Amino acid sequence: MSNYHFNAIEAKWQKYWAEHKTFQAENTSEKPKYYVLDMFPYPSGAGLHVGHPLGYIASDIYARYKRHQGFNVLHPQGYDSFGLPAEQYAIQTGQHPRKTTEENIARYREQLDKIGFSFDWSREVRTSDPHYYKWTQWIFMQLFDSWYDKASDKARAISELITIFSEEGSGQVKAACDTTVRKFTAQEWNSFSEAIQQKELLKYRLTYLAETEVNWCPELGTVLANDEIVNGVSERGGYPVVRKRMKQWSMRITAYAQRLLDGLESIDWPQPLKDAQTNWIGRSKGASVIFKVKDHNENIEVFTTRPDTIYGVSFMTLAPEHELVPRITSEAQKQAVQDYIEATSKRSERERMADVKTISGVFTGAYVTHPFSGEDIPVWIGDYVLAGYGTGAVMSVPCGDQRDYDFATHFGIPIPNIFKDVDISEEAFSDKENTILTNSDFLNDLSYAEATQRVIEALEKKGAGEGKINYRLRDAVFSRQRYWGEPFPVYYKNGLPQLIDEKHLPLTLPEVEKYLPTEDGEPPLGRAEVWAWDENAGAVVSNDRIDHKTVFPLELNTMPGWAGSSCYMFRYMDPRNDDALASQEAMDYWKCVDLYVGGSEHATGHLLYSRFWVKFLYDRGVLPVQEPFKKLINQGMILGESAYVYRIEGENTFISKGKYSGEKIQPIHADVSFVNLQNELDIEAFKAWRPEFSDADFITEEDGAFKVSREVEKMSKSKYNVVNPDDICAQYGADTLRMYEMFLGPLEQAKPWNTAGITGVHGFLKKLWKLYHSAAGDTFYVSDEQASKESLKTLHKTIKKVQEDIENFSFNTSVSTFMIAVNELTAQQCTSREILEPILGLISPYAPHIAEELWQRLGHGKSISTAPFPTFEASYLVESTKEYPISFNGKMRFTLELPLDLSKDAIEAAVMSHEKTAHYLEGRSPKKVIVVPGKIVNIVG
RNA sequence: GCUCAAGUGGCGGAAUUGGUAGACGCGCUGGAUUCAAAAUCCAGUUCUUUCGGGAGUGUGGGUUCGAUUCCCACCUUGAGUACCA
């Protein structure tokens, strides 16, 4: 009988830690600081499943380890509490999303507390809390008040831009801005009306309002960012997405493309994640080329990575949405072009993606002039050209690009060959490393690199283009047509956006009766009765009083989910500060997150936006760092093992997996709680689950069991494969859950949840308990005798291994190490205090409750979390002799035990003079003896 | 298509400046204890074998005295991205 009463122990210490504020971090300390952060959760209605805590356990182990090592550790937790599910629920039930969110948070907190995390809850933040989103709104205002100066490569105040405009005009300004900016002198600027000036400034601001092509999801009634779309459908719900032009707030993240790329080199992140960001930013080097449209006063600018192939251009292709299309289309082609554009715009994003094989396009009737040869080049429209990339127009070189080649072949456009000794009769030749140009005038006989340089020089001389770097990264759409998000601190005066005064922040969400869009298609905030801005009173006033003189309409959109999560890591540093995002002292002390743990699915969303905002706030002097997360670890997802039962189609009969022989069946999810480890279904429970199953028939195996088939899938409520950590805690305890989740496999790897092995880990904790308790009762026993040499060796090798494991985030292997240690100590009958104390220090990060209990039983007054991490001494690990495996020609034959202090030569001599060696050599003389110090001896015969 | 990651027993997985492959756990087999079960403890468990050994880390090559580890090609799986000019 084990007396390891984990439930009582865990409840006791969780209460103790909370009451003694054991894990509260101070903003000043003699100790060095360490900041460990988890990606904060969205509190969903389904509660936590066993997959959620995986990363939290890993970061908690590391945080506790760092505390043992004498660091002042900041390890906070909070909630990303704005979001769509609470709003969807509100639409269905009318319950305020705030209420739903609060209930979910309470449940999350209860579940998290049971696992024994060392979070400093006094610093909790919630993105939907007005005290928090005040600062989200404040950051938005800073972005609105800034522009990006390419000359100094940083964001600057918009007031400085106004000074430049009014003193020098726009001539010298190099900014990241809209392509539609005007050129003007200082005089002209000063003569502009206020409205025109504001309109012009909007083109420079880092957050700006613009008519843009967005991803509209009609089902959700909102726009989505690129990273919120998966395979052409919405990430949440899987609804279709279409392209639509709308006036939206955007973030000028493209201004930071190069710095976001460069910054990756300075941070310790997993390479796959860095690669994902690199690909998403998509830097490509090439040239922009300007083609003059014949008989029109228009230019078509294209971006190309192959300016060297300029003599291979045989047509131009514009995206159907290209703005020049209506202006240059000839009278004869007008109808055809119109029909084509209409046909393509009807296709959804998904259709277009699925159907990349079909070649379609139409001739505009217009021609451009080749910048060097002066030849006429026909201008086509094709939907293989994307409006959103480059300039939405390409110079088509069919001999060097397969898509151009296919297009040309399809429409019978000539394919001139400009590659020497290359056959292009079957396909395009796109290898740029092995090209020699021909039929290319001044580029003949040049390679890709040489020709590219020459063309760019020539283009720049002519004013027909320039060398250019293009990025795939798009500005991020920042408006959402939702209720449950941060309101913009913006009102509209004469149709132009104005910021409310900072002293009025936060601008809190108004109450609405329904959470749906209004009848005339406005976002839900349009339903608010009190949602207008009085410039004099500086308050939100009734909607009816909007007079457009002193009372103005407020912005009706809200901010997207990533707004609240982009800077939360700084808010934890000083979460109750109402005067600043965080005090300067707090930010200077904590600086940035030292270790960030979370899923890789945020690679091109949160992690990119967050880096962007931090760089921006650094530029504006708000933050002391340029990168928020110094080191990042991606925990892998824990998957569920779904259970399927087979129902014979058209009948209410279920057939066991072993009895299935090709009948037409329909697999149905059964709740995994009805299935045991042998994959046998509890038929009675299943029948009681759903009324339609209550009178079903079951074809079972011979022994009467009904077998289900299992499949590894994402853990989700709808798949009935969710395992609740509460159940595991109740049955085995939080310490077992923590250690088992680590034991499942490498942290970064995705792995299915399977309780099969949990008894092994649980058994280890019982063994540890038993080692220090009398066989009969609950009496704690520890001896004060000196530990044996053997036990000291066990202890010190364990310290060494566990420390290495923690620092390498190989938490799975240290669980094994603990098991070995306890098995050895049990065999040695070691109950020495000298061994137990340091062992507890090692185990405490993994299994804090049992470690704390035994620690206190040893008579300590303070929590074990304040104890120093034990250090190992190499001298305990050293032995006086060592076994040397001897191999012949690489094959192991026997081992020799030799003194430890022998030199390389002495080992060689000892090996060669040994009788066993002589036996294997059988009279041959060895060519070579290889001694690898301390490891192995190899004789090559 | 492109980019990245990973392929080791019945299973999860150990082992990297190249040095006795399969640690640890699960499962399985046998034993002890028990009236019995649970729990616990002990032993065994890569495959093969004529019991000497032989083969073996996705496949085929290469480097090396020696390769799970390094190099090349290929296959498979997973993830991301996708008409990016």
Side-chain angles (χ1 to χ4, degrees), chain A residues 1-2 226-227 230-232 270-280 282-284 286 302-306 309 317 319 352-353 355-359 382-386 388-397 400-404 406-407 430 470-474 600-601 603-604 634 636-637 677 739-740 743-746 748-752 754-764 766-767 770 775 810 812-820 823 826 883-895 926-941:
Chain A
M1 195 39 208
S2 163
N226 284 342
D227 66 281
V230 180
N231 296 329
Q271 196 56 43
L273 206 137
K274 287 189 183 182
D275 291 344
Q277 290 209 344
T278 305
N279 291 338
W280 190 262
R283 181 185 200 267
S284 54
V302 302
F303 172 76
T304 176
T305 55
R306 296 295 301 277
T309 61
T317 316
R352 213 163 139 173
M353 276 169 67
D355 179 27
V356 296
K357 296 258 152 48
T358 316
I359 294 159
D383 71 355
Y384 78 96
V385 176
L386 304 176
Y389 182 76
T391 58
V394 301
M395 59 175 226
S396 301
V397 184
D401 182 287
Q402 194 57 44
R403 291 155 305 169
D404 296 343
D406 294 341
F407 195 87
S430 54
N470 200 47
Y471 299 92
R472 201 194 75 127
L473 185 71
R474 300 268 63 92
S600 57
E601 66 272 20
T604 53
N634 287 131
M637 205 188 301
L677 285 174
M739 289 195 106
Y740 186 58
F743 185 67
L744 272 177
E748 311 80 20
Q749 214 168 79
K751 51 216 164 229
N754 182 333
T755 35
I758 201 166
T759 52
V761 173
H762 188 62
F764 153 74
K766 286 205 274 194
K767 276 185 214 168
K770 251 174 65 175
S810 312
N812 53 331
T813 51
S814 43
V815 178
S816 297
T817 309
F818 288 135
M819 291 180 178
I820 295 167
N823 282 342
T826 305
E883 288 196 348
Y884 282 83
I886 313 294
S887 70
F888 286 85
N889 293 331
K891 291 194 174 172
M892 289 304 152
R893 293 300 161 96
F894 61 94
T895 58
K927 283 182 192 141
K928 204 156 72 169
V929 178
I930 298 155
V931 176
V932 180
K935 285 194 173 165
I936 198 167
V937 181
N938 190 11
I939 300 168
V940 187

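Side-chain atoms are counted along with the backbone in the values below, which use heavy atoms only and exclude waters and symmetry mates. None of these values were measured; they are calculated from a predicted model. Here is the naming used below: chain letters follow the sequence lines, and residue numbers restart at 1 for every chain.
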- Message: Taking pairing as Watson-Crick or G-U wobble with both contacts under 3.5 Å, can you name the mate of B/A43, or confirm there isn't one?
- Response: B/U29
- Message: Could you tell me how far apart A/Asn754 (CG) and B/G10 (C1') are, to the nearest whole angstrom?
- Response: 14 Å
- Rounded to the Å, how far apart are A/Met739 CE and B/C24 P? 16 Å
- Reported CG-to-CD distance for the pair A/Asn634 and A/Glu601, which is rounded to 0.5 angstrom: 8.0 Å
- Message: With rounding to the closest Å, how many angstrom separate the C1' atoms on B/G19 and B/U68?
- Response: 13 Å
- Between atom CG in A/Asp275 and atom P in B/C4, what is the gap in whole Å? 6 Å
- Euclidean distance, atom CG of residue A/Asn812 to atom C1' of B/A15 [Å, nearest integer]: 12 Å
- Considering only the P atoms, how many Å lie between B/C24 and B/U46, rounded to the nearest integer? 12 Å
- Task: Starting from the 5' end of RNA chain B, give me the residue, A/Val394 or A/Ala276, whose nearest nucleotide shows up first.
- Result: A/Ala276
- Message: Could you check B/G78 for me: syn (within 90° of 0) or anti?
- Response: anti
- Task: Quote, to the nearest angstrom, the C1' distance that separates B/U57 from B/C47.
- Result: 13 Å
- Side chain of A/Leu386 only, please: which of B/C24, B/C41, B/A85 is the nearest? B/A85
- Rounded to the Å, how far apart are A/Asp383 CG and B/C84 P? 13 Å
- Query: Do the side chain of A/Arg306 and the main chain of A/Gly400 share a donor and acceptor less than 3.5 angstrom apart?
  - Reply: no
- Sub-4.5 Å side-chain heavy-atom contact between A/Asn812 and A/Pro746: yes
- For A/Tyr384, the option from A/Asp404, A/Asp406, A/Ile359 that meets side chain to side chain contact (heavy atoms under 4.5 Å, CB included): A/Asp404
- Task: Measure the distance from CG on A/Leu744 to P on B/G12 and round it to the nearest whole Å.
- Result: 12 Å
- A/Arg472 CZ to B/C83 C1': how many Å, rounded? 13 Å
- Task: For B/C4, take OP1 and OP2 only and decide whether either is under 4.0 Å from a side-chain N or O of A/Asn279.
- Result: no
- Query: When the C1' atoms of B/G18 and B/G66 are considered, how many whole Å apart are they?
  - Reply: 8 Å
- When rounded to whole Å, the NZ to P distance for the pair A/Lys751 and B/A14 reads 10 Å
- Rounded to the nearest 0.5 Å, how far does CZ of A/Phe818 lie from CG of A/Asn823? 13.5 Å
- Could you tell me which nucleotide pairs with B/C35 by Watson-Crick or G-U wobble geometry, both distances under 3.5 Å, or answer none if nothing does? none
- Message: Applying a 4.0 Å non-hydrogen cut-off, can you work out what A/Asp404 is touching in the nucleic acid: base, sugar-phosphate, or nothing?
- Response: nothing
- Distance between P atoms of B/A38 and B/U29 (Å, rounded): 13 Å
- Task: To the nearest 0.5 angstrom, please state how far the CG atom of A/Asn754 sits from the OH atom of A/Tyr740.
- Result: 5.0 Å
- Note on the structure: By nearest-nucleotide position on RNA chain B, the 5'-leaning member of A/Gly745 and A/Gly757 is A/Gly745
- Query: Just checking A/Asp401: base, sugar-phosphate only, or nothing, at a heavy-atom cut-off of under 4.0 Å?
  - Reply: nothing
- Task: Give A/Gln749 one of three labels, base, sugar-phosphate or nothing, depending on what nucleic acid heavy atoms sit under 4.0 Å from its own.
- Result: sugar-phosphate
- Query: Would you say A/Arg403 reaches B/C84's phosphate, i.e. side-chain N/O to OP1/OP2 under 4.0 Å?
  - Reply: yes
- Where the side chain of A/Phe743 is defined as all heavy atoms beyond and including C-beta, which of B/C26, B/G12, B/C41 is the nearest nucleotide? B/G12
- Task: Using both distances under 3.5 Å as the test, list the Watson-Crick or G-U wobble partner of B/A14, or none.
- Result: none
- Task: Pick base, sugar-phosphate or nothing for A/Asn823, based on heavy-atom distances below 4.0 Å to the nucleic acid.
- Result: sugar-phosphate
- Query: Which one, B/A5, B/U81, B/A85, comes nearest to the side chain of A/Trp280?
  - Reply: B/U81
- Task: Might you work through the side chain to side chain contact (heavy atoms under 4.5 Å, CB included) test for A/Met819 and A/Val761, ending with a clear yes or no?
- Result: CA-CA 8 Å; A/Met819 291 180 178; A/Val761 173; 3.9 Å; yes
- Base partner of B/U50, which must satisfy Watson-Crick or wobble distances under 3.5 Å: none
- Mind checking the P distance from B/U63 to B/A6? Whole angstroms is fine. 26 Å
- N-glycosidic conformation, B/G10 - syn within 90 degrees of 0, else anti: anti
- Sugar-phosphate only, base, or nothing, as touched by A/Pro746 at under 4.0 Å among non-hydrogen atoms: sugar-phosphate
- With both distances under 3.5 Å as the test, what is the Watson-Crick or G-U wobble partner of B/G7? B/C75
- Within the structure shown, what part of the strands sits under 4.0 Å from A/Lys274 by heavy-atom distance: base, sugar-phosphate, or nothing? nothing
- Item | B/U69 to B/U17 separation - C1' atoms, rounded to the nearest Å | 11 Å
- Message: When both hydrogen-bonding distances must be under 3.5 Å and the geometry is Watson-Crick or G-U wobble, what is B/A82 paired with, if anything?
- Response: none
- Message: I'd like to know whether A/Thr826 forms a side chain to side chain contact (heavy atoms under 4.5 Å, CB included) with A/Lys770, so could you lay out the CA-CA distance, the side-chain angles of the two residues, the decisive distance to 0.1 Å, and finally the verdict.
- Response: CA-CA 9 Å; A/Thr826 305; A/Lys770 251 174 65 175; over 6 Å; no
- For atom C1', what is the distance between B/U3 and B/A82, given to the nearest Å? 11 Å
- Complementary nucleotide of B/C70, counting Watson-Crick and G-U pairs under 3.5 Å: B/G62
- Message: Please name the nucleotide paired to B/A23 by Watson-Crick or G-U wobble geometry with both distances under 3.5 Å, or report none.
- Response: none
